[in-house]
2 protein chains.
Amino acid sequence: MNAQESIINSVDLDKKTVWFTGLCREKGLKVTPQRIAIYRELVKTNEHPSAEMLCEKVRQVFPSISLDTVNRTLLTLNEIGAAFIVEGSGDAKRFDGGLDEHQHFKCVECKRVIDFSHEPFNNIEVPQEMEEMFVVLRKSVYLEGICDLCR
Amino acid sequence: MNAQESIINSVDLDKKTVWFTGLCREKGLKVTPQRIAIYRELVKTNEHPSAEMLCEKVRQVFPSISLDTVNRTLLTLNEIGAAFIVEGSGDAKRFDGGLDEHQHFKCVECKRVIDFSHEPFNNIEVPQEMEEMFVVLRKSVYLEGICDLCR
DNA sequence: TTGACAAATAAGAGTTACTCCTAAATAGTA
DNA sequence: TACTATTTAGGAGTAACTCTTATTTGTCAA
């Protein structure tokens, strides 16, 4: 087992999968093997994969899956709150399965996205009037600047 | 004068321009009329224009400016901290001249970006260890969810 | 001032990352 | 097991950059 890829154990992965299939049914979405495969690959990694990267992974299981399906599915995951698009994504969108609360720092020069976790940022309070008007699916603190390697 | 466009008065606009030319020189960038025109158009509006939208505006002054120049310039502004790309930008990047501190809420369904200002979010503290490793150019709180019109 | 030169621009071709379309397949339901 | 609305695969199409090249222009030094 590759340490970089296996940041989630198979028990937790199965739990996530059960939760995900439940969420799909709740939202009236069909539980297709492709959808599950894409979700599982996304949740397995913490390297903010692009649709292209995920497509390659999933093709090891579903050789005939199309990039369009991966793209469509990832947007769907974003809409139902099962994943999200990393803030400030530039050229190719980067996706995140949201394993645990964390924030992102993006280098404006090398475009690297660096995860970090800062407890106070995990607990920011959404203003009352926002909660009343909107359904807030996610909140995050996003930093940008120049990273240690670039400066 | 159109109220929608003139959210900044000409004195403040000139102040911003002086600051901007200074920043360019400091960063070793040439102060070209195109660069200034693009910056001024961006700062004049609060509607998160795309490169395309800004290009049209600037063409009223520089009929021959190319879209490529506008794109390149906007990315440069982002790198030196004179402007930024709105988080979660989808298809076409949206830019913000950062007139005053504010946050963004994005609807995952209609893709609308809604500005809001919440005082505690303007004053979040960047962790010490981040400040030491990186140059933090900007920090923001970003919310996503479903807006009042879509839910 | 005036050259010299590195940086910036315009124009257009090229590329990337989606996004749409259609026919075929399939999950959910009766 | 049959039906129907979703979903998928494959391929064509499109939008938004991004690169290349020739030309122009700030900036700096003499």
Side-chain angles (χ1 to χ4, degrees), chain A residues 17 20-39 41 48-56 58-80 82-83 85-86 88-95 108-111, chain B residues 17 20-39 41 48-56 58-80 82-83 85-86 88-95 108-111:
Chain A
T17 307
F20 174 66
T21 57
L23 182 64
C24 283
R25 295 221 164 81
E26 187 185 307
K27 300 279 182 178
L29 298 172
K30 291 183 177 173
V31 179
T32 64
Q34 290 93 332
R35 236 169 223 168
I36 292 182
I38 292 165
Y39 177 74
E41 284 301 335
H48 316 307
S50 62
E52 186 85 46
M53 290 157 78
L54 276 171
C55 191
E56 272 174 41
V58 177
R59 275 193 172 141
Q60 294 170 10
V61 186
F62 275 88
S64 71
I65 200 166
S66 72
L67 179 58
D68 185 39
T69 298
V70 178
N71 264 305
R72 240 183 319 97
T73 301
L74 289 169
L75 293 181
T76 304
L77 298 192
N78 184 56
E79 283 184 22
I80 65 176
I85 301 172
V86 174
S89 292
D91 318 18
K93 291 188 185 70
R94 296 308 200 86
F95 297 87
V108 295
E109 281 185 11
C110 69
K111 318 295 182 198
Chain B
T17 307
F20 175 65
T21 57
L23 183 64
C24 284
R25 293 223 164 80
E26 187 185 309
K27 300 279 182 178
L29 298 172
K30 291 182 177 174
V31 179
T32 65
Q34 289 91 332
R35 232 167 227 170
I36 292 181
I38 293 165
Y39 177 74
E41 284 302 332
H48 316 306
S50 62
E52 186 86 46
M53 290 158 77
L54 276 171
C55 191
E56 271 175 42
V58 176
R59 275 194 171 143
Q60 293 170 11
V61 185
F62 274 88
S64 72
I65 200 165
S66 73
L67 179 57
D68 185 40
T69 297
V70 177
N71 263 305
R72 240 183 320 96
T73 301
L74 288 168
L75 294 180
T76 304
L77 298 192
N78 184 54
E79 283 183 21
I80 66 176
I85 301 172
V86 175
S89 292
D91 317 20
K93 292 187 185 70
R94 296 308 199 88
F95 297 86
V108 296
E109 283 186 11
C110 69
K111 319 296 181 198

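In what follows, every chain begins at residue 1, and chains take the letters A, B, ... in the order their sequences are listed.
Evaluation of the side chain to side chain donor-acceptor pair (under 3.5 Å) rule for B:Q34 yields no partner, not counting sequence neighbours. The side chain to side chain contact (heavy atoms under 4.5 Å, CB included) check on A:E41 picks up A:K44, A:L54, A:K57, A:V58, with sequence neighbours excluded. Every residue two or more places apart in sequence or in another chain that forms a side chain to side chain donor-acceptor pair (under 3.5 Å) with B:T17 is listed here: B:R40. Residues that satisfy the side chain to side chain contact (heavy atoms under 4.5 Å, CB included) test with A:V61, not counting sequence neighbours, are absent from this structure.
Fit an axis to the five pairs at each end of the helix from C:dT1-D:dA30 to C:dA30-D:dT1 and the two axes sit 50° apart, to the nearest 10 degrees.
Rounded to a whole Å, the CD1 atom of B:I36 is 13 Å from the P atom of C:dA8. Between A:R94 atom CZ and C:dC18 atom C1' the separation is 15 Å, expressed in whole Å. Atom CZ of A:F95 is separated from atom P of C:dA17 by 12 Å (rounded to the nearest Å). In this entry the distance linking CZ of B:F62 with P of C:dA11 reads 13 Å, nearest Å. Rounding to whole angstrom units, CD1 of residue B:I65 and P of C:dA11 are separated by 10 Å. B:N71 places its CG atom 15 Å from the C1' atom of C:dA8, with the value rounded to the nearest Å.
In this structure, B:I38 reaches neither bases nor backbone, as no heavy-atom distance under 4.0 Å exists between it and the strands shown.
Mapping B:P63 and B:G28 onto DNA chain C by nearest heavy atom places B:G28 closer to the 5' end of the strand.
From B:L23, atom CG reaches atom OH of B:Y39 across 8.5 Å, with rounding to the nearest 0.5 Å. Atom CZ of A:F95 and atom CD1 of A:I38 lie 10.5 Å apart (nearest 0.5 Å). For the atom pair CZ of B:F20 and CZ of B:R25, the computed distance is 11.0 Å after rounding to the nearest 0.5 Å.
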Distance-only criterion, 3.5 Å: show the donor-acceptor pairs between side-chain atoms of residues 63-76 of chain A and protein atoms not counting sequence neighbours.
from: A:S66; atom 1: OG; to: A:T69; atom 2: N; distance (Å): 3.2
from: A:S66; atom 1: OG; to: A:T69; atom 2: OG1; distance (Å): 3.0
from: A:T69; atom 1: OG1; to: A:R72; atom 2: NH2; distance (Å): 3.2
from: A:T73; atom 1: OG1; to: A:T69; atom 2: O; distance (Å): 2.7
from: A:T76; atom 1: OG1; to: A:R72; atom 2: O; distance (Å): 2.9

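Of all heavy-atom pairs spanning B:H48 and B:R94, the tightest one is O-NH1, 2.7 Å.
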- Message: One character per nucleotide, please: for nucleotides 21-30 of chain C, 5' to 3', B when the base has a protein heavy atom closer than 4.0 Å, S when only the sugar-phosphate does, - otherwise.
- Response: B-----BS--

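From the 5' end on, the contacts that DNA chain D makes with chain B at under 4.0 Å to a non-hydrogen atom open and close at D:dA16 to D:dT27.
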